[in-house]
Amino acid sequence: MSQTNQTVQIDDPTSAQGSAGAAAETAAAPAPLDTLERSRLLVVDGHSMAFRAFYALPAENFSTDTGQHTNAVYGFTAMLINLLRDQKPTHVAVAFDLDTPTFRDTEYSEYKGGRSRTPEEFHGQIDLIIKVLEAMRIPTLSMEGFEADDVLATLAVDAANRGWDVQVVSGDRDVFQLVNDRVTVLYPKQGVTNIPQMDAKAVEEKYFVPPHLYSDLAALVGETADNLPGVPGVGPKTAAKWILKYGGLDGILENLDSIGGKVGGALRENIENVKRNRRLNRLLTDLELPVNLEAMAAQRPDRDTVEDLFDALQFNVLRKRLFDLFGEEEPDVPGQEMAPPEHQVLTDAAELKGWFNGTNQATAAVQVVTRATSGGEEAVGVALVTDTAAIYVPFEELDADAERVVGDWLQDLHAPKVVHDFKAAYKLLSARGFTLAGEVDDTAISGYLIQPDRRSYELADLSQVHLKLTLATSTAAAGGQQALALEEEDVATPAVAAAFAALELSRHFAGQLVERGANQLLAGLELPLSEVLARMELTGISVAVDGLDRLYDDFSATMANTSAEAFRIIGKEINLGSPKQLQAVLFDELALPKTKKIKTGYSTDADALTDLIVKTGHPFLEQLLAHRDASKLRQTVEGLRKSVADDGRIHTTYVQTIAATGRLSSMNPNLQNIPIRSDEGRRIREAFVVGPGYECLMTADYSQIEMRIMAHLSGDEGLIQAFREGEDLHRFVGSSIFHVAPEDVTTAMRSKVKAMSYGLVYGLSSFGLSKQLAISVDEARTLMGDYFDRFGAVRDYLRGIVEQARKDGFTSTIEGRRRYLPDLSSDNRQLREMAERAALNAPIQGSAADIIKKAMLGVDDQLRSRGLVSRMLLQVHDELVLEVAPGEREEVERIVRTEMAGAADLSVPLDVSVGTGTSWHEAAH
DNA sequence: TCCGATACGTA
DNA sequence: CGTACGTATCGGAC
């Protein structure tokens with residue numbers, strides 16, 4: 001139902017637009033002779049209109065996911081579509097200037113001088129406009145040594161001589177000289193939407209002279225935009241007065257001496273400028289153009305090219321407008337061109353076998369259909385769609401033979417499959433005893449690799465964005481409908497549609513993946529990893545529930561004590577979890593010093609409160625902090641307790657498509673933020689234990705992987721040497737920058753160095769460093785200066801990263817994973833600086849993610865191929881947690897060390913530390 | 001019931 | 001005015 005509503009809403013404005021267009025055509029119909037007999041030429045000055053569009057639309061609001069700005073392209077294209085719609089020209093062409101000098105530059109070297117540099121955001125947009133024009137089959141022209149306006153003038157005169165009507169679109173006033181009873185100028189008044197027609201009458205009204213004398217007037221007045229000074233003190237009115245009196249500039253020159261007054265003197269003094277202006281502003285009308293007017297006959301756009309290009313530019317609205325204008329069917333009308341194939345429901349073993357054989361190893365999209373159960377959802381069937389056929393297989397109607405046939409195909413490595421969210425499908429099918437294999441694409445992951453900072457990779461969203469295909473949302477929704485006792489048929493159709501969409505998407509993404517060098521990242525890393533993750537999730541980690549319960553009680557008791565004490569101190573009970581109520585108590589009632597300002601008043605976060613303790617020593621604060629700690633820990637414990645499954649284990653869900661840097665994320669529950677820093681918090685890790693039948697847990701983590709990557713990427717010899725010598729990094733660096741022997745590096749020195757090293761990876765400023773270390777900004781700056789003096793290549797690298805990213809529009813990791821950062825060229829300083837810090841961090845954090853992902857593949861592969869029972873359970877960014885079977889500890893440790901250390905070939909060693917124990921806490925080292 | 005703001009846990 | 005995440009709670013908006 002909501003589906004229908006949505007469609008109506010989306011379609012309504014369009015159909016209104018469409019009918020308006022149709023009405024306009026009907027209105028023009030009564031005068032067919034006029035439109036039929038007389039050709040109408042529309043010629044556009046490409047650069048000048050592109051610039052108008054650029055300055056009319058904010059660049060930061062128009063960019064593709066790849067960071068290419070498109071405001072000028074958008075504005076230009078919108079304008080062009082409007083012109084085609086409103087003016088209905090029979091012939092169209094667009095002229096562009098070239099970078100090469102024109103005869104005007106040769107004659108006057110300062111011609112158009114003093115113009116500011118083309119803004120960064122404009123780069124590349126002219127090329128895109130030319131592509132748009134190609135797609136619209138509109139010829140583009142440019143002539144070496146001449147300006148676009150000369151081309152326009154030549155065309156205008158040629159067409160007018162043939163008796164055509166001509167419209168010249170330009171933001172350059174010089175074209176007014178072309179106006180006559182055949183030729184009008186469309187001169188943008190404001191932006192690119194308001195483009196009034198200037199005919200002879202309009203020119204005369206505005207400039208007081210007829211169009212053929214406009215250039216005389218412009219010569220006298222001058223043109224700042226072209227750096228052509230005129231006669232000081234002479235504006236259009238004076239100039240017009242002279243021109244009308246003497247019949248034009250020639251007449252004025254003949255009567256120079258009879259022009260009196262101060263301006264007359266100025267005219268005589270500047271007469272050479274005026275003559276030069278007149279020579280320069282005369283447009284040439286006799287160029288030898290390589291194409292004739294016939295070649296400019298208006299054509300329908302090249303539909304396929306428009307679709308591809310407008311997709312890439314993300315011009316969905318414009319694409320619609322353009323297709324409306326030409327009466328083209330929109331491709332994204334649901335169930336029309338992209339209609340999924342008819343499907344059959346197959347349950348018979350022989351028929352299934354026949355169908356699988358008939359696919360001939362063609363790629364099939366797989367969509368699992370689920371039903372909600374008390375504990376989650378279960379697979380009830382699967383929709384399979386190839387290029388030529390579609391079936392739905394309801395599991396519950398299969399006999400043992402049929403089930404075997406389906407199972408064989410699902411696990412057939414030579415039956416290539418496209419899945420949207422392979423990991424989810426793998427887990428669902430696995431619960432029914434099927435193994436899903438032979439995956440060649442996961443459209444969610446492909447979409448992520450192409451655009452890693454999208455918030456959603458839902459099939460419906462990707463289909464809408466990339467295919468313009470509206471999808472009847474999820475199969476879960478279909479399942480829900482089924483629960484409402486709708487006919488059973490309903491589950492298959494949306495699933496077939498979804499599989500079809502995935503198949504189309506996969507095809508659509510293939511080229512883009514190659515283009516972005518993400519092919520290997522998908523096939524060699526993310527796709528195999530998704531299966532590894534699926535098995536890790538299915539395995540889960542064993543939890544000592546009684547331990548969690550004890551912790552819950554402990555933390556509850558602490559909460560009770562601290563809150564009671566806190567309330568006693570302030571003499572009343574408030575909600576300690578409400579920042580608002582805390583603010584009232586702290587800053588109004590207790591009148592404590594103000595802390596850092598936030599949107600809703602003053603901060604009550606741990607930093608601020610600790611600060612207040614130092615300043616005031618107020619006893620309430622101590623209780624409040626202790627209460628917060630206990631409350632946070634209890635909340636963590638409670639969340640974990642609720643996530644323990646019937647098998648006594650916690651099964652997190654890793655999301656491969658969330659973090660823009662390439663990291664995994666962990667959800668429901670998040671096992672990547674289990675406390676470790678405080679003693680109390682660390683107790684929670686004691687509750688993660690080795691499961692029955694296994695000997696111990698093993699943790700293996702990379703030490704200082706990000707700094708090692710920094711050393712590698714920067715090639716800094718000092719840093720590389722530090723790691724090669726395998727000494728305490730921070731001590732080594734400290735000894736370098738403080739000029740003392742390593743053994744004389746104090747704890748304070750070491751912690752400063754450590755903070756700075758890590759801060760650098762995040763784009764830390766001296767201000768931030770000073771705040772964190774509670775030192776002065778000067779001291780922080782000196783510290784950073786000393787650091788960079790000693791490790792200069794690090795500074796060069798960090799600078800280079802941002803520069804390169806600004807140029808490319810993206811950063812890259814060692815495996816070629818890209819992150820697009822369009823905000824690097826934002827006018828908004830805050831946005832731009834945020835993007836700069838992200839650019840510093842992304843290659844490092846992302847490379848670390850690449851490395852541990854590769855290591856996971858290696859570890860999993862080794863464990864399995866050696867037939868070991870031990871298994872990976874968790875990944876925490878730079879750490880792996882494994883469950884080790886009896887007798888396998890040594891071999892597993894060797895594997896883990898080898899695979900983790902060998903996951904990348906850096907100029908520094910990858911150091912791995914390993915520990916074992918019966919709990920996660922104990923296994924930590 | 002939803003959502004922004006705040007706070008805080010991890011690497 | 002340090003990157004990348006997920007989750008819980010509060011309290012205002014709906």
Side-chain angles (χ1 to χ4, degrees), chain A residues 452-453 455 574-583 595-596 598-609 624-625 627-640 642-643 652-678 680-682 684-685 701-707 710 755-773 777 780 784 798 801 811 819 821 829-830 833-846 848-849 852 874-880 920 924:
Chain A
D453 42 17
R455 56 236 66 68
I574 60 163
N575 184 343
L576 294 176
S578 163
K580 200 182 170 205
Q581 293 180 39
L582 281 175
Q583 282 175 26
T595 59
K596 181 178 58 178
I598 54 173
K599 279 181 190 164
T600 58
Y602 298 97
S603 173
T604 65
D605 69 15
D607 261 0
L609 295 182
L624 174 58
L625 278 175
H627 182 269
R628 276 241 184 99
D629 277 348
S631 161
K632 177 79 181 172
L633 291 171
R634 189 181 80 166
Q635 163 205 312
T636 303
V637 169
E638 190 183 3
L640 291 174
K642 281 193 215 150
S643 340
T652 185
T653 302
Y654 290 104
V655 192
Q656 236 170 318
T657 55
I658 290 275
T661 51
R663 274 189 176 179
L664 297 176
S665 84
S666 159
M667 280 177 44
N668 300 321
N670 181 357
L671 294 187
Q672 290 178 325
N673 71 341
I674 303 302
I676 192 169
R677 288 173 192 171
S678 74
E680 285 295 282
R682 227 177 348 253
I684 297 177
R685 292 189 175 222
D701 60 57
Y702 286 114
S703 56
Q704 297 146 338
I705 188 169
E706 294 193 336
M707 282 306 290
M710 173 98 99
M756 186 158 53
S757 287
Y758 280 99
L760 289 179
V761 177
Y762 303 143
L764 185 68
S765 63
S766 47
F767 179 90
L769 184 65
S770 73
K771 206 168 66 112
Q772 199 199 318
L773 294 178
V777 177
M784 285 179 87
L798 292 173
I801 278 288
T811 60
R819 174 166 188 189
L821 293 161
R829 200 182 89 175
Q830 198 186 339
E833 290 181 343
M834 279 174 60
E836 284 169 359
R837 291 192 294 271
L840 291 176
N841 179 253
I844 299 174
Q845 190 183 113
I852 195 163
L874 304 179
Q875 187 252 43
V876 193
H877 307 308
D878 65 357
E879 171 188 10
L880 297 178
W920 193 2

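Taking atom CG of L640(A) as the reference point, atom P of dG9(B) lies 14 Å away to the nearest angstrom. K596(A) places its NZ atom 10 Å from the P atom of dG2(C), with the value rounded to the nearest Å. To the nearest angstrom, P of dT6(B) lies 10 Å from CG of D605(A). In this entry the distance linking CD1 of I658(A) with P of dT10(B) reads 21 Å, nearest Å. To the nearest angstrom, P of dA4(C) lies 18 Å from OH of Y758(A). Atom CG of D701(A) and atom C1' of dT10(B) are 13 Å apart (whole Å). Computed from coordinates, the L582(A) CG to dA7(B) P distance equals 9 Å when rounded to whole Å. Computed from coordinates, the R829(A) CZ to dC1(C) P distance equals 9 Å when rounded to whole Å.
As judged by a 4.0 angstrom heavy-atom cut-off over every strand, I674(A) is placed among residues touching the sugar-phosphate backbone only. Contacts of A660(A) with the nucleic acid, taken as non-hydrogen atoms under 4.0 Å apart, involve only primed sugar atoms and P, OP1 or OP2. Nucleic acid contact for I705(A): none, since no nucleic acid atom lies under 4.0 Å from a heavy atom of the residue. Among the atoms of the strands shown, none is found under 4.0 Å from any heavy atom of T636(A). As judged by a 4.0 angstrom heavy-atom cut-off over every strand, S631(A) is placed among residues making no nucleic acid contact. Counting any heavy atom pair closer than 4.0 Å across all strands shown, S603(A) reaches sugar-phosphate atoms only and no base atom. Using a 4.0 Å heavy-atom cutoff across all strands shown, I598(A) reaches sugar-phosphate atoms only and no base atom. Residue A848(A) is out of contact with every strand shown, counting any heavy-atom pair closer than 4.0 Å.
Side-chain to base pairing of Q672(A) with dG9(B): no donor and acceptor N or O lie closer than 3.5 Å to each other. Looking at R663(A), its side chain comes within 3.5 Å of the base of dA11(B) through a donor and an acceptor atom. With hydrogens and angles ignored, no donor-acceptor pair closer than 3.5 Å exists between the side chain of N670(A) and the base of dG6(C).
Note: L880(A) CG to L874(A) CG = 9.0 Å, rounded to the nearest 0.5 Å. The line from OG1 of T657(A) to CZ of R455(A) is 12.0 Å long, rounded to the nearest 0.5 Å. From S678(A), atom OG reaches atom CG of L633(A) across 5.5 Å, with rounding to the nearest 0.5 Å.
Minimum interatomic distance between T604(A) and Q583(A) (heavy atoms only, all atoms of both residues): CG2-CG, 3.9 Å. In terms of heavy atoms, R628(A) sits closest to L582(A) at NH2-CD1, 3.6 Å. Minimum interatomic distance between R682(A) and R677(A) (heavy atoms only, all atoms of both residues): NH1-O, 3.8 Å. Here the shortest heavy-atom pairing between L625(A) and A606(A) reads CD2-CA, 4.0 Å.
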Task: Verdict with reasoning, T661(A) to R819(A), per side chain to side chain contact (heavy atoms under 4.5 Å, CB included) - done: CA-CA 7 Å; T661(A) 51; R819(A) 174 166 188 189; 3.9 Å; yes

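Among the nucleotides dA11(B), dA5(B), dC5(C), the one closest to the side chain of I676(A) is dA11(B). Listed nucleotides dT3(C), dA5(B), dC5(C) differ in distance to Y762(A); the shortest reach to its side chain belongs to dT3(C). Considering only the side chain of R677(A), dT10(B) comes nearest among dA4(C), dT10(B), dC8(B). Residue L764(A) places its side chain closer to dG2(C) than to any other of dA4(C), dG2(C), dC8(B).
A close approach under 4.0 Å does not occur between any side-chain nitrogen or oxygen of R837(A) and OP1 or OP2 of dG2(C). Considering only side-chain N and O atoms, T661(A) lies nowhere under 4.0 angstrom from the phosphate OP1 or OP2 of dT3(C). Listed pair N673(A) / dA4(C) fails the phosphate criterion, with no side-chain N or O lying under 4.0 Å from OP1 or OP2.
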- [ ] Could you run through nucleotides 8-14 of chain C and give me one letter per nucleotide, 5' to 3': B if any protein heavy atom sits under 4.0 Å from the base, S if only the sugar-phosphate is that close, - if neither?
- [x] S-SSS--

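dG2(C) makes up no base pair with any nucleotide shown, lacking Watson-Crick or G-U wobble contacts both under 3.5 Å.
A side-chain contact (heavy atoms from CB on, under 4.5 Å) with T636(A) is found for exactly one of I684(A), N670(A), N673(A), namely I684(A).
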